[in-house]
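These notes are about the structure you will find just below.
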Amino acid sequence: MLTNTYFSTKYRSKQLIKLKNLFLDLPKKHQILISGCSLFLLILLLLPAEEASASRQAAKESIEVGKKYALQIPQQDIVEAEPEKVVDEAPEPEPSWQSAKVKSGDSLAKVFSRFGFSAKDTHDVINTEHGKKLKNLNVGDEIRLTSDDDGKLVSLSYDLSITDTLYVDATGDGFVSHVEEKQIEIRQGFAQATITSNFWNAGLQAGMSNSQIMNLANIFGWDVDFALDIREGDSFNVMFENKYIDGDFVGHGNILAAEFINQDEKFQAIRFKDGEFYTPKGNSMRKSFLRAPVSFQYISSNFKPKRYHPILKRVKAHNGVDYRAPTGTPVKAAGNGRVIAATYNKYNGNYVFIQHANNIVTKYLHFSKRAVKKGQRVKQGQVIGYVGSTGLSQAPHLHYEFLLNGVHRNPRTVKLPDALPIQKEFKAEFDIVSSELLAKLEGSKQTLLAMSGEEQDQDVSDE
């Protein structure tokens, strides 16, 4: 044991001597650096040891065995970390649209030129899939355009209708176009009125548009003479479509059902999916001939076997009815047939004669302009000319004659053959549609009458 200790001590002494010699062989600078580092490490080792020893000694002196002590943990201020702020990326700026109103004589090229776009831009846009729709622009239409910082065309939009909009966008290869269609929402509307002065004013007071009033007259025009048969106290009730796009009203649609009471006689009409109107029993509201082939203001001269002619200054048979209307008012064919005359003479002015089935001929005189030619086939309701005052005429009007087997008949009173009723295969479906629409029509009538009664009661109480 002693021998091992002796040799171990001797070995360590030799190692220390070698380290000492090695240290002394180092350059002076290295010796100073190593000495400084060693001294610094020694100080670091001695200082904590002394503080820890003193602390243990103090703890021994102050803590008693078997006694309970409350350990106080120093409170540290807890600083909640603020959430990282999310920096929103700056949104891309919305394109700035410029509007161009189409002027008289404008083409797309002229519009583009005003905005500094080239003829090549015009050519490329027109030759996109839907670009040809821009060839025929209407005066007053609006074209919306955007361009980049260099003034180059980026996008174009053009409303083709209330539902369809054409878009053209620039790409790396030129331009592409597409048409977007907005959905139309259909809601049902109602109007009801009692006639106190005339049919037209009653329609306006009920909130109907001019076209709705005319359509209502056309539906019942085969049964009711709206020029002479209307009386105070007559009434009507109408159910129709209202059109909306994105919640905004954009116009009226079709009349769906209607009721007209004329001199205590009730007429009802229901629109079916074929676009025609029928009675509740399925008979067509349309007759083979229009009672009056023009929308007129009043009748200036009736059918009379003897009438003093204001121009010829003699008594002469007036074999037709004169419908007073503004120059240019469209005149329609009273029924299907073939044009057997379309020309001019000093008595009739511009005139058209039409041959119909069952040996019926209708004649139309004093046109400002004819719209058909001899030999042409026409359908009921087709425009054949326009009201004028040519020939022996003192004012713009249509002179209309109706001949059966070569004999003149009063166009206002001659019995007109009915058109075909609804097809048997659709009769069951029509009966269901008819019942539903008439029930809604009657319900709206009662509601509107009740509301009108409440308003009258309120007016009385206010007095």
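Note that the structure is a prediction, hence the values are computed from the model and not measured. Just so it is clear, the values below take in all heavy atoms, side chains as well, and ignore hydrogens, waters and symmetry mates.
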If we ignore hydrogens and angles and just use 3.5 Å, is the side chain of [X] paired with the main-chain N or O of [Y] as donor and acceptor?
{"X": "D234", "Y": "Q263", "value": "yes"}
{"X": "S368", "Y": "V387", "value": "yes"}
{"X": "H366", "Y": "G391", "value": "no"}
{"X": "T390", "Y": "N350", "value": "yes"}
{"X": "E241", "Y": "N254", "value": "yes"}
{"X": "S301", "Y": "D322", "value": "no"}
{"X": "T165", "Y": "E180", "value": "no"}
{"X": "K182", "Y": "D246", "value": "no"}
{"X": "S113", "Y": "A109", "value": "no"}
{"X": "N198", "Y": "W200", "value": "yes"}

If you measure from [atom1] on [X] to [atom2] on [Y], what distance do you get to the nearest 0.5 Å?
{"X": "D274", "Y": "F430", "atom1": "CG", "atom2": "CZ", "value": "9.0 Å"}
{"X": "L403", "Y": "H408", "atom1": "CG", "atom2": "NE2", "value": "4.0 Å"}
{"X": "K243", "Y": "F249", "atom1": "NZ", "atom2": "CZ", "value": "10.0 Å"}
{"X": "Q268", "Y": "T279", "atom1": "CD", "atom2": "OG1", "value": "9.0 Å"}
{"X": "N319", "Y": "H399", "atom1": "CG", "atom2": "NE2", "value": "7.0 Å"}
{"X": "T194", "Y": "Q192", "atom1": "OG1", "atom2": "CD", "value": "5.0 Å"}

Minimum-distance pair of heavy atoms, taken over all atoms of [X] and [Y]:
{"X": "P326", "Y": "P396", "value": "C-CB, 4.4 Å"}
{"X": "A395", "Y": "H397", "value": "O-ND1, 2.8 Å"}
{"X": "V238", "Y": "L441", "value": "C-CD1, 3.8 Å"}
{"X": "S147", "Y": "Q98", "value": "OG-OE1, 4.4 Å"}
{"X": "V352", "Y": "A342", "value": "CG2-CB, 4.3 Å"}
{"X": "I230", "Y": "N262", "value": "CA-ND2, 4.0 Å"}

inquiry  = Could you work out, with side chain to side chain contact (heavy atoms under 4.5 Å, CB included) as the rule, every residue matching T171, not counting sequence neighbours?
reply    = D173, V176
Contact between [X] and [Y] at the side-chain level, heavy atoms closer than 4.5 Å - yes or no?
{"X": "L153", "Y": "L145", "value": "yes"}
{"X": "H178", "Y": "D169", "value": "yes"}
{"X": "Y400", "Y": "P293", "value": "yes"}
{"X": "R412", "Y": "I299", "value": "yes"}
{"X": "T122", "Y": "V111", "value": "no"}
{"X": "I213", "Y": "F199", "value": "yes"}
{"X": "T343", "Y": "K374", "value": "no"}
{"X": "N210", "Y": "L204", "value": "yes"}

inquiry  = Quiz question: by atom type and distance under 3.5 Å, do the side chains of Y364 and T362 form a donor-acceptor pair?
reply    = yes
task = For F220 and F236, run ring-ring contact (aromatic ring centres under 6.0 Å, His included): C-alpha distance rounded to whole Å, both residues' side-chain angles, the deciding distance at 0.1 Å, then the answer.
result = CA-CA 11 Å; F220 295 105; F236 59 84; 9.4 Å; no
message = The criterion is ring-ring contact (aromatic ring centres under 6.0 Å, His included); which residues satisfy it with F426, sequence neighbours excluded?
response = none
task = State which residues pass ring-ring contact (aromatic ring centres under 6.0 Å, His included) with Y386; sequence neighbours excluded, sorted by chain then number.
result = none
Does [atom1] belonging to [X] count more than 12 external heavy atoms closer than 6.0 Å?
{"X": "K281", "atom1": "NZ", "answer": "no"}
{"X": "K445", "atom1": "NZ", "answer": "yes"}
{"X": "N405", "atom1": "CG", "answer": "yes"}

message = Once salt bridge (Lys or Arg N to Asp or Glu O under 4.0 Å) is applied, what residue pairs with a partner in residues 120-130 remain, sequence neighbours excluded?
response = K120-D124
ask   = Quick one: salt bridge (Lys or Arg N to Asp or Glu O under 4.0 Å) pairs with a partner in residues 147-157, sequence neighbours left out?
value = none
task = Assess whether side chain to side chain contact (heavy atoms under 4.5 Å, CB included) is satisfied between N410 and V321, documenting all intermediate values.
result = CA-CA 8 Å; N410 187 343; V321 175; 4.0 Å; yes
Evaluation steps, ring-ring contact (aromatic ring centres under 6.0 Å, His included), between Y351 and F367 = CA-CA 6 Å; Y351 67 92; F367 283 159; 9.1 Å; no
ask   = Is there a side chain to side chain donor-acceptor pair (under 3.5 Å) between H252 and N242 once you walk through the steps?
value = CA-CA 5 Å; H252 298 294; N242 282 331; 2.8 Å; yes
remark   = When D164, L134, V179 are each screened for side chain to side chain contact (heavy atoms under 4.5 Å, CB included) with Y158, the one that passes is L134
message = Apply side chain to side chain contact (heavy atoms under 4.5 Å, CB included) to residues I270 and Y278 and explain how you reach the verdict.
response = CA-CA 5 Å; I270 295 94; Y278 299 90; 5.6 Å; no
Show me the donor-acceptor pairs, under 3.5 Å and distance only, between side chains in residues 331-341 and residues at least two apart or in other chains.
{"unit_1": "N336", "atom_1": "OD1", "unit_2": "Q380", "atom_2": "N", "d": "2.6"}

task = Walk me through it: do D159 and R144 pass the test side chain to side chain contact (heavy atoms under 4.5 Å, CB included)?
result = CA-CA 9 Å; D159 293 333; R144 295 171 294 278; 3.1 Å; yes
task = Given side chain to side chain contact (heavy atoms under 4.5 Å, CB included), test N138 with V102 step by step and report yes or no.
result = CA-CA 7 Å; N138 298 314; V102 177; over 6 Å; no
ask   = Do NZ/NE/NH1/NH2 and the carboxylate oxygens of D229 and R291 come within less than 4.0 Å?
value = no
